[in-house]
Each structure stands twice: as C-alpha cells, then as structure tokens.
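Single-structure report; data block below.
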Number of protein chains: 2
Amino acid sequence: MFDILRSYFETKNKLTDDQFEFMQTLFIPRKMKKGEFLQREGEIAKYGAFVTKGCLRSYVMDTKGKEHIVQFAPENWWISDTESMANPLSHSRYFIDAIENSEVLLIDLASQEKLMETIPEFAIQYRQGIQKRNAAKDKRIVSSLSATAEERYQEFLKKYSTIAQRIPQHMLASYLGISPETLSRIRKQMSSKKII
Amino acid sequence: MFDILRSYFETKNKLTDDQFEFMQTLFIPRKMKKGEFLQREGEIAKYGAFVTKGCLRSYVMDTKGKEHIVQFAPENWWISDTESMANPLSHSRYFIDAIENSEVLLIDLASQEKLMETIPEFAIQYRQGIQKRNAAKDKRIVSSLSATAEERYQEFLKKYSTIAQRIPQHMLASYLGISPETLSRIRKQMSSKKII
DNA sequence: TTCATTTCTTGATATAGGTCAATGTCCACG
DNA sequence: CGTGGACATTGACCTATATCAAGAAATGAA
C-alpha cells in the first residue's frame with residue numbers, strides 16, 4: 001500500500017528513505033469492504049484518506065433523504081472532510097463510503113501537520129493540490145449552473161473516463177445532479193447520434 | 001489601504017512592525033474605476049488581488065456569449081485566477097473587473113511565495129483560507145445541483161446579505177445560475193408570502 | 001443454475017425555470 | 001431639469017428535466 005503513496009509523492013518530489021519511513025509511521029492502513037463507511041454525517045471527521053486501491057465517494061443527504069455525491073476518489077486520490085477535520089467541534093455533513101472493496105491510508109490532522117513541518121515539499125505539494133481542486137470546483141460550479149445535462153455528462157466522460165467506466169450509472173447521475181432516468185435517456189440519444 | 005490588509009491578517013496572527021513593513025513592499029496598490037478590468041479571458045494572470053475597498057467580481061463567458069459570475073469579492077476578500085497564476089503558461093478563462101469604484105492590493109506569485117517563506121503564519125493562514133473556500137465551493141456545488149432557484153437565493157441572502165444589498169440583481173441572478181426574470185419573480189413571490 | 005436484488009430502460013405526464021417581448025423605473029450626465 | 005441607457009418587472013409561451021410507474025436486464029449469493 002505504501003509504495004503507491006510513495007510513487008504518488010515522487011511524481012513531484014523525491015523522498016529519501018528516511019523521509020519515507022517517517023511518513024509510514026503517520027498513516028494508518030485500512031481495508032474497506034464495498035459499502036463500508038469511513039465516516040457518517042454528524043460524526044466528527046478524524047481522518048483524511050489516501051486511496052491506494054478501489055474507490056470511495058463522499059455524499060450529502062438532503063432534507064428529502066436524497067443523496068448527492070460530492071466526490072469520487074479512486075486510486076491516488078485524497079478524500080476527507082477538511083472542514084470538519086480542521087474544526088474539531090464541527091460535525092460533518094458528509095458521508096464517506098467505499099463503493100468497491102478498497103484500501104486506504106488514514107491520516108489525522110496532527111500527523112498531517114507533522115508531515116508538513118518535517119517535509120516542507122509536502123506542504124507545498126499539498127497547497128498546490130488544493131488550489132488545483134479549487135479551480136476544478138469552480139469549473140464544476142459554472143457548468144452545473146450553465147451547461148445542460150448532456151454537456152455535463154460529456155465533460156465528465158472526457159475528464160474522468162476511467163471513473164465513468166467503473167461506477168454505477170445512478171451514482172454518476174447523482175454526481176451530475178440529474179435523475180438516473182435522464183442519464184439513461186441521454187446515453188441512448190448519444191449512442192443513436194453516433195450511429196447516424 | 002495597507003491598514004485594512006494589516007487588520008485582516010491580525011484577526012489571526014499579530015504582525016511585528018518589521019513584518020508589516022516587509023509585507024508592504026510586496027503589494028502594489030491600485031485604484032480601479034467601476035467597470036475597469038483587472039484581467040481578461042485569454043490573458044495570463046499575473047496578480048492576485050486583495051480588495052481593500054469596493055467590490056470586484058470574476059466571471060466566465062460561455063460559448064453563447066453569456067456571462068456566469070464565479071465570485072464576488074468585497075472588502076477583505078481575495079480574488080485571483082490561481083490556476084493561471086500557478087501555471088504561467090495557461091491562459092485564464094476568467095474576467096475580473098470592478099463593479100464599484102475600488103481599491104486593491106496586487107501581489108504576484110513570486111512575492112506571494114516570498115511572503116510565505118518569510119512569515120510562516122501567512123502560509124498556514126493561506127492554506128486554511130483555501131481549505132475553507134473549498135468547503136464553501138462544495139456546498140455551492142451541491143446546492144446548485146439539488147436546490148431550487150428560490151432556495152439558492154435564500155441561502156445567498158443568509159450567507160452574504162451585505163453583498164446582496166450592494167450588487168445589481170442581474171449579477172446576483174448570474175451568480176445563482178438563474179435568469180434575471182426568474183429572480184425578479186422569486187422576489188415578488190417571497191415578498192407577498194411575507195405579507196400574508 | 002436459479003432466485004433475489006439491484007440497476008437500467010422506457011413511456012406518460014408534470015413543472016420549474018428559460019426565452020422573448022413589452023412596459024415601467026430609475027439614475028447619470030449633458 | 002430632461003432624456004437616453006441601463007436595470008427591473010410582468011405576461012405569454014416553451015423546453016429541459018423531474019417524477020411516477022412498470023418492465024427488462026444485469027449482478028451476485030447460495
């Protein structure tokens with residue numbers, strides 16, 4: 001599991017063996033069965049997770065009991081409720097669970113801070129990472145406000161084709177903010193367009 | 001202008017006078033008339049801006065020439081295209097302009113990095129800031145995907161009542177992803193509800 | 001393999017919100 | 001002060017997408 005984490009980091013900065021060893025002491029490896037929760041709404045988020053195998057998702061439940069998927073996290077992605085983690089009083093509004101049998105590395109806030117102090121490159125990489133996410137979120141906001149359901153689906157396919165292939169359609173619909181029925185119809189329409 | 005920046009920082013960390021003086025060397029003060037651009041689509045973003053007076057906004061233009069407002073930035077807010085700034089090759093997809101006569105402090109990437117090296121508290125504060133924004137963006141995504149136009153309007157009023165009062169309605173509509181006509185009707189409906 | 005459960009598809013119908021067009025209101029600026 | 005241009009309101013109509021309902025297909029456990 002840790003080798004995945006190492007090579008993830010080393011796409012940007014080389015680690016000494018000492019650094020890598022130190023890193024390993026900070027994470028808690030954990031296997032998760034499909035459907036198992038890392039965290040539920042109302043809990044206080046304790047850990048952020050780096051996914052080394054499988055796929056997790058985070059979602060919220062609206063007042064009508066409907067799920068809205070916020071993020072998918074396959075291998076090499078981070079998933080966490082940073083808000084609740086950073087603010088140990090705030091209860092999380094997110095559920096996070098595994099949608100495949102998965103393996104994750106957990107890290108708590110204190111360890112994460114230790115990591116940033118000890119390996120300054122990590123702090124930089126981390127900051128760049130959240131900045132990039134921020135930009136991606138802005139794009140998603142704009143497209144959710146202005147693009148049609150089909151356009152949003154196409155964008156997703158283009159950007160995350162690997163994810164699209166491994167998740168059930170109704171989850172993708174939830175992520176895109178459309179009903180499963182509409183997604184089904186869009187796909188049908190698209191496939192007929194291609195044939196002509 | 002700089003005193004606004006100072007007190008903004010000092011809500012979290014006290015600055016020595018030396019630190020404050022150093023800080024001042026890194027920012028470029030600039031006055032902006034209503035309607036003036038800080039940056040246009042296609043340009044390479046050079047500066048991030050801290051608003052000390054007035055209000056700016058960032059927006060994208062879609063393929064049909066329609067504007068979609070991404071962010072408002074009144075006093076004490078940052079506004080920038082971090083993506084294009086961090087990646088000096090990438091052309092920005094954003095317009096940023098002043099919607100009131102405004103005053104801003106500009107900072108380029110190099111200076112920002114110098115600031116983070118020199119005042120480590122700044123780095124931490126900055127990271128926490130973008131993390132918080134991230135969480136806010138997630139909320140906006142979920143609500144844009146699942147809430148009705150009226151709900152989104154109400155949320156905005158609750159969260160940013162001061163902004164709501166000073167911007168033109170059609171800009172708020174653009175931010176919320178609804179047409180100006182719909183916003184007008186929602187407001188009418190809400191006011192009649194209150195009277196009953 | 002078989003049965004049960006979950007997921008996907010399809011049709012019929014309803015509705016939130018968009019678009020277009022006309023009118024009303026309010027300033028800013030000569 | 002008037003008046004032109006931006007902004008807001010209102011009405012009529014239209015369309016994308018939701019919802020409800022039923023059946024088909026896929027998946028997986030025994």
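Numbered from 1 within each chain, the chains take letters A, B, ... in sequence-line order. Quick caveat, the model's predicted, so the values are computed rather than measured.
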statement: Each nucleotide of nucleotides 8-24 of chain C classed B (base within 4.0 Å of a protein heavy atom), S (only sugar-phosphate) or -, in 5' to 3' order, makes SBBBB----SSBBB---
task: Summarise protein proximity over nucleotides 25-30 of chain D in one line of letters, 5' to 3': B for base, S for sugar-phosphate only, - for none, counting protein heavy atoms closer than 4.0 Å.
output: ------
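Scored by the side-chain hydrogen bond (donor to acceptor under 3.5 Å, both in side chains) test, Y8(A) finds W78(A) as partners (sequence neighbours excluded). Under the rule for a salt bridge (charged side-chain N to carboxylate O under 4.0 Å, His left out), K46(B) has no partner lying at least two apart in sequence or in another chain.
With contacts defined as side-chain heavy-atom distances shorter than 4.5 Å, the pair I4(A)/E103(A) does not qualify.
Among I96(B), L38(B), V51(B), I99(B), the single residue meeting the side chain to side chain contact (heavy atoms under 4.5 Å, CB included) criterion with M32(B) is L38(B). Each of K34(A), K33(A), R166(A) was evaluated against E100(A); a single residue qualifies, R166(A), per the salt bridge (Lys or Arg N to Asp or Glu O under 4.0 Å) test. In summary, of the residues considered (R40(A), Q39(A), E43(A)), a side chain to side chain donor-acceptor pair (under 3.5 Å) with S92(A) occurs for Q39(A) alone. Under the side chain to side chain contact (heavy atoms under 4.5 Å, CB included) rule, F27(B) has a single partner from L5(B), T52(B), L106(B), which is L5(B).
One N or O on the side chain of S102(A) and one on the backbone of C55(A) form a donor-acceptor pair closer than 3.5 Å.
One can place CG of L176(A) at 10 Å from P of dA18(D), the figure rounded to the nearest angstrom. One atom, CD of E100(A), and another, P of dT6(C), lie 19 Å apart when rounded to the nearest Å.
Inter-axis angle, ends of the helix from dT1(C)-dA30(D) to dG30(C)-dC1(D), five pairs per end, rounded to 10 degrees: 50°.
Residue pairs satisfying the ring-ring contact (aromatic ring centres under 6.0 Å, His included) criterion with at least one member in residues 92-114 of chain B, sequence neighbours excluded, are listed as follows: Y59(B)-F95(B).
Rounding to the nearest 0.5 Å gives a distance of 6.5 Å between CG of L145(B) and CZ of R152(A).
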